[in-house]
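First up is the structure itself, then whatever we jot down about it.
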Protein chains: 2
Amino acid sequence: MTDVVRKQVLTKLTHGDYNCEKEFTLAMFSGKYKLVILWELGHVKSMHFNELFRVIDGVTKKVLAGQLKELAADQLILRDAYMENNRELVVYRISDLGQTLLPIIDQMYQWGKQRVQDYQIPASFKLAVENDLPKAP
Amino acid sequence: MTDVVRKQVLTKLTHGDYNCEKEFTLAMFSGKYKLVILWELGHVKSMHFNELFRVIDGVTKKVLAGQLKELAADQLILRDAYMENNRELVVYRISDLGQTLLPIIDQMYQWGKQRVQDYQIPASFKLAVENDLPKAP
DNA sequence: CCGAATCCAAGCGGATACTG
DNA sequence: CAGTATCCGCTTGGATTCGG
């Protein structure tokens, strides 16, 4: 969805349709790990590729590389490469623009936390999940 | 992705992993039209299916029905059916829980608006989009 | 008016292996 | 260390048709 929506939104914008601000924002972190990446990078100066790879649990290098590339293209993060004893090192860090997204992510975090706490999971969901995953047909 | 992520998140929660509040929130309106639906319903008392269908531009009935169903399952919207001269009518309206999501959507709107205004679209994007869409191979 | 049913396309992410 | 290169399958959404 990510890329599709991003393109659609940008097309709209170039045609003067400005009724897609929300979608635009959503598209920014639609991608399975973008939110986590932003979150992680929002809390430290910078991270290496493999640091992110280790900390993000479940992601593959290919996918991680893809997400980073998109985030960089949207200018939410920055990629800096430099040499150190004849080796190229790369760090990723959040951009100023990316910083401005953190309050929203934070609100999402608060909302999710609240919701998880005082509602807990509806029993119907629990059942659905339990019936769904353990037994693979 | 939507449903996949939702299930993953719920599975995590049932297992005591509570490190997915952001993803949980994101999953709530990950779906191409959920945000717009929430937005629309956030501004009026209620809407009929076809009202939404007309106002949402580009959506098909099947997809709309699907998104509404998911939103209702997540209890962000409510579906009320009632009879009127021997015809069943249905209205959708936002739930109290859904209301609590509106501030976030609003922030997304503000962010998107701001970004669209003062950055405009990078020329590279414009070109990419223009080269991409008009000519269908 | 409010969808459900069917069929189909492609996007997005996953697995694995390989590279400078 | 920081990625590419392939291959591949599931999910999501689109087109169209049909029904109560």
Side-chain angles (χ1 to χ4, degrees), chain A residues 1-9 23 26-27 29-37 46-73 77-93 132-133 136-137, chain B residues 1-9 23 26-27 29-37 46-73 77-93 132-133 136-137:
Chain A
M1 184 181 97
T2 351
D3 229 34
V4 182
V5 172
R6 273 170 57 203
K7 276 184 186 166
Q8 283 181 5
V9 167
E23 294 87 333
L26 183 60
F29 38 61
S30 268
K32 194 166 174 184
Y33 303 96
K34 287 189 182 177
L35 211 51
V36 199
I37 296 174
S46 66
M47 277 199 212
H48 293 271
F49 183 87
N50 279 350
E51 286 186 281
L52 284 165
F53 177 66
R54 271 191 299 274
V55 89
I56 290 196
D57 181 70
V59 76
T60 65
K61 293 190 172 190
K62 177 205 161 189
V63 172
L64 179 56
Q67 306 267 306
L68 289 171
K69 209 165 267 182
E70 287 186 14
L71 285 170
I77 66 173
L78 300 171
R79 181 188 190 275
D80 296 327
Y82 61 96
M83 294 303 266
E84 196 174 273
N85 0 327
N86 234 6
R87 272 186 117 341
E88 193 193 45
L89 290 186
V90 178
V91 290
Y92 292 92
R93 56 195 172 85
D132 238 40
L133 296 197
Chain B
M1 182 183 99
T2 348
D3 228 34
V4 181
V5 172
R6 272 170 59 203
K7 276 183 185 169
Q8 283 181 5
V9 167
E23 294 87 334
L26 184 60
F29 39 60
S30 267
K32 195 165 172 184
Y33 302 96
K34 287 189 182 176
L35 210 53
V36 199
I37 296 175
S46 66
M47 277 200 212
H48 293 271
F49 184 86
N50 278 350
E51 288 186 281
L52 284 165
F53 177 67
R54 271 190 299 274
V55 89
I56 288 193
D57 179 71
V59 75
T60 65
K61 293 190 173 190
K62 178 206 162 189
V63 172
L64 179 56
Q67 305 268 306
L68 288 171
K69 206 166 269 181
E70 288 187 13
L71 285 170
I77 66 173
L78 301 170
R79 180 188 193 274
D80 298 326
Y82 61 96
M83 296 301 269
E84 196 174 273
N85 4 326
N86 232 7
R87 275 188 117 339
E88 192 193 48
L89 289 185
V90 178
V91 291
Y92 293 92
R93 57 195 172 87
D132 240 39
L133 295 198

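All chains are named by letter (A, B, ...) in the order of the sequence lines, taking the proteins before the strands, and each is independently numbered beginning at 1. Both backbone and side-chain heavy atoms feed into the values below; hydrogens, waters and symmetry mates do not. Quantities reported herein were computed from a predicted structural model and do not represent experimental measurements.
Atom NZ of B/Lys61 and atom P of D/dG13 are 19 Å apart (whole Å). When the C1' atom of D/dA2 is taken as reference, atom CG of A/Asp80 falls 15 Å away, rounded to whole Å. With rounding to whole Å, A/Asp57 atom CG is found 11 Å from C/dG14 atom P. In this structure, the CD atom of A/Gln8 is 7 Å from the P atom of D/dG14, given to the nearest Å. Put simply, CG on A/Leu68 is 10 Å from P on D/dT4, counting in whole angstrom units. At whole-Å resolution of the value, CZ in A/Arg79 and C1' in D/dA2 are 8 Å apart. Counting to the nearest Å, the P atom of C/dG13 and the CD1 atom of A/Ile56 are 13 Å from each other. Atom CE of A/Met83 and atom P of C/dG20 are 16 Å apart (whole Å).
For A/Val90, whose side chain is taken as the heavy atoms from C-beta onward, the closest listed nucleotide among C/dG14, D/dT12, D/dG3 is D/dG3. Checking D/dC1, D/dG13, D/dG3 against the side-chain heavy atoms of A/His48 singles out D/dC1 as nearest.
Residue B/Gln67 has no polar side-chain atom (N or O) positioned under 4.0 Å from OP1 or OP2 of D/dT12. Taking 4.0 angstrom as the limit, A/Lys69 places a side-chain polar atom (N or O) nearer than this to OP1 or OP2 of D/dT4. Note on B/Lys32: a side-chain N or O is less than 4.0 Å away from OP1 or OP2 of D/dG14. The phosphate of D/dC1 has neither OP1 nor OP2 within less than 4.0 Å of any side-chain N or O from A/Tyr82. A/Arg87 has no side-chain polar atom (N or O) that falls below the 4.0 Å cut-off from OP1 or OP2 of D/dG3. Taking side-chain N and O atoms only, A/Tyr33 has a distance below 4.0 Å to OP1 or OP2 of C/dG14.
Taking CD of A/Gln67 as the reference point, atom NZ of A/Lys62 lies at 10.5 Å (rounded to 0.5 Å). Rounded to the nearest 0.5 angstrom, A/Leu26 CG and B/Leu26 CG are separated by 6.5 Å. Here OG of A/Ser46 is found 11.0 Å from CG of A/Leu78. Values are rounded to the nearest 0.5 Å. With rounding to the nearest 0.5 Å, the separation of CD1 in A/Ile56 from NZ in A/Lys32 is 12.0 Å. For the atom pair A/Leu68 CG and A/Arg79 CZ, the distance stands at 9.0 Å (nearest 0.5 Å).
Between A/Val59 and B/Ala65, the residue anchored nearer the 5' end of DNA chain C, judged by the nucleotide with its closest heavy atom, is B/Ala65.
If you check distances only, the side chain of B/Lys62 never reaches the base of C/dG3 with a donor-acceptor pair under 3.5 Å.
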